[in-house]
Amino acid sequence: MTIVEQGSGPAAMTPPDLIKDTTTQTFVKDVIEESKRQPVLIDFWAPWCGPCKQLTPSLEKAVRAAKGKVKLVKMNIDEHPAIPGQMGIQSIPAVIAFVNGQPADGFMGAVPESQVTAFIDKLTKGMPSPEGDIAEILNEAEAAMAAGDAATAASIYAEVLGVDATNLTALAGLARCYIATGALEQAKQTLALVPETKRNDAAVSAVQTMLDLAEQAKAVGPVTELEQKVAANPLDHQARFDLAVALNAGGKRTEAAGHLMEIVKRDRKWDDDGARKKLVQFFEAWGPNDDATVEGRKRLSTILFS
């Protein structure tokens, strides 16, 4: 997963993850300090340990299912023997839970997944669900996008995806950030992470439409050339249509809609009602509550039914 770098253009960056490896040097930061924000499980393991290989999948699955209430940090005791030695770890796998900077609980051996889940439930009992926090964070991202700050919005969406990699609002939002900065390939890659069964979700569908429009805009040519063509021949509907697509890509929604409506007024049947269909596509991409959509629908209705 990548996010938009502050400034312009994309940069590779991994969003915060629930599961990571640690070392003797990073143990304090990854476990002690992090556990002051939320419970952290540290899994002491080794490559030669058969029970460790049995436990790891169940442990990771249970941590992901907790969706941000707890994090998992893994330490290879062969490569980093100092910490487990100090903690008196004599048998592996051993899982120790840290809370508020201190060991709070733990278990040893390859226990069943149900037991791991029960352990996490007990550890996090009484903690607020992250769902409410996520909704609040997503609102912050939307506010950043509305203010034109795609970089900040992208980092917030990536933070949410670090907790819930399948969050549709965050996936769609991150793809929107890429489109806003012209990083269309990254937008495609982000939308590809949406499960097939969720592709018709309204937010996802709207962003897919935005992406389609942005790709079309790359093929129509510079705005100034198209404006000159329309000025030279107001009946050149193709040039006016292309100008609308280019203006929309530049964020000039009212002007883009105006040119398409001009085509509808002059020749409703042009290109098999292409201008009206493109307007509807614009409205879908902008969203039903966008000012340009609301005003555009009113103006289009006046033209069609007058």
Side-chain angles (χ1 to χ4, degrees), residues 1-15 138 140-162 165 167-194 199 201-230 238-260 274 277-287 289-293 296:
M1 180 67 65
T2 58
I3 69 171
V4 177
E5 185 179 37
Q6 181 68 38
S8 61
M13 183 180 292
T14 303
L138 288 172
E140 292 178 12
E142 288 297 314
M145 276 300 288
D149 189 353
T152 296
S155 65
I156 296 172
Y157 286 129
E159 179 183 345
V160 172
L161 291 171
N167 188 288
L168 292 182
T169 302
L171 285 170
L174 186 57
R176 271 198 297 145
C177 293
Y178 280 127
I179 294 169
T181 58
L184 303 188
E185 283 304 314
Q186 286 84 348
K188 287 182 185 178
Q189 293 168 15
T190 302
L191 287 176
L193 298 175
V194 176
R199 295 290 170 87
D201 177 85
V204 174
S205 179
V207 176
Q208 182 62 60
T209 300
M210 289 177 65
L211 178 59
D212 294 342
L213 290 170
E215 291 188 313
Q216 292 167 21
K218 290 175 64 177
V220 298
V223 169
T224 51
E225 291 183 9
L226 294 167
E227 288 176 333
Q228 290 170 3
K229 286 184 178 181
V230 173
Q238 186 61 58
R240 191 181 291 277
F241 182 92
D242 292 344
L243 176 58
V245 171
L247 288 170
N248 174 65
K252 297 182 179 180
R253 295 178 175 180
T254 301
E255 294 92 329
H259 281 291
L260 291 177
K277 291 176 180 177
K278 183 60 65 177
L279 262 174
V280 172
Q281 196 176 27
F282 280 2
F283 296 156
E284 180 184 3
W286 299 343
N289 298 321
D290 188 271
D291 290 342
T293 298

Legend entry - Minimal non-hydrogen separation, A141 against A153, with atom names: O-CB, 3.5 Å

Legend entry - M210 CE to F282 CZ distance, which is reported to the nearest 0.5 Å: 11.5 Å

Inset, instruction - Could you tell me whether the side chain of T209 and the main chain of S205 form a donor-acceptor pair under 3.5 Å? - result: yes

Legend entry - Derivation and outcome, salt bridge (charged side-chain N to carboxylate O under 4.0 Å, His left out), residues K218 and E215: CA-CA 5 Å; K218 290 175 64 177; E215 291 188 313; over 6 Å; no

Inset, instruction - Walk me through it: do L138 and N167 pass the test side chain to side chain contact (heavy atoms under 4.5 Å, CB included)? - result: CA-CA 10 Å; L138 288 172; N167 188 288; 4.0 Å; yes

Legend entry - Note, E227 side chain near V230 side chain (heavy atom, < 4.5 Å): no

Inset, instruction - To the nearest 0.5 Å, tell me how far T152 OG1 sits from M145 CE. - result: 11.0 Å

Inset, instruction - Show your working on side chain to side chain contact (heavy atoms under 4.5 Å, CB included) between L174 and Q186 and close with a plain yes or no. - result: CA-CA 9 Å; L174 186 57; Q186 286 84 348; over 6 Å; no

Legend entry - Between CD on residue E142 and OG1 on residue T169, distance to nearest 0.5 Å: 8.0 Å

Legend entry - A203 versus A172, closest heavy-atom pair with distance: O-CB, 3.9 Å

Inset, instruction - State, yes or no, whether a side-chain contact exists between Q189 and Y178 at a heavy-atom distance under 4.5 Å. - result: no

Legend entry - Minimum heavy-atom distance A175-T190, with the two atoms named: N-CG2, 4.0 Å

Legend entry - Approximate separation, where rounding is to 0.5 Å, of I179 CD1 and Q208 CD: 8.0 Å

Inset, instruction - Mind checking the CG-CD spacing from L211 to E185? Nearest 0.5 Å is all I need. - result: 8.5 Å

Inset, instruction - Only one of N248, D291, D290 passes side-chain hydrogen bond (donor to acceptor under 3.5 Å, both in side chains) with R253; say which it is. - result: D290

Inset, instruction - Mind listing the closest non-hydrogen atom pair of R199 and V204 along with its distance? - result: O-CG1, 3.8 Å

Legend entry - L161 and L193, any side-chain heavy atoms less than 4.5 Å apart: no

Inset, instruction - Supply the atom-to-atom distance K278 NZ to D242 CG, rounded to the nearest 0.5 angstrom. - result: 9.5 Å

Legend entry - Exercise: do D212 and Q216 side chains pair donor with acceptor under 3.5 Å: no

Inset, instruction - Give a yes or no answer on whether the side chain of R176 reaches the backbone of V207 with a donor-acceptor pair at less than 3.5 Å. - result: no

Inset, instruction - Indicate the atoms forming the closest heavy-atom contact of W286 with A257, along with that distance. - result: CH2-CB, 4.1 Å

Legend entry - Heavy-atom pair with the smallest gap, counting every atom of T293 and G287: OG1-O, 2.9 Å

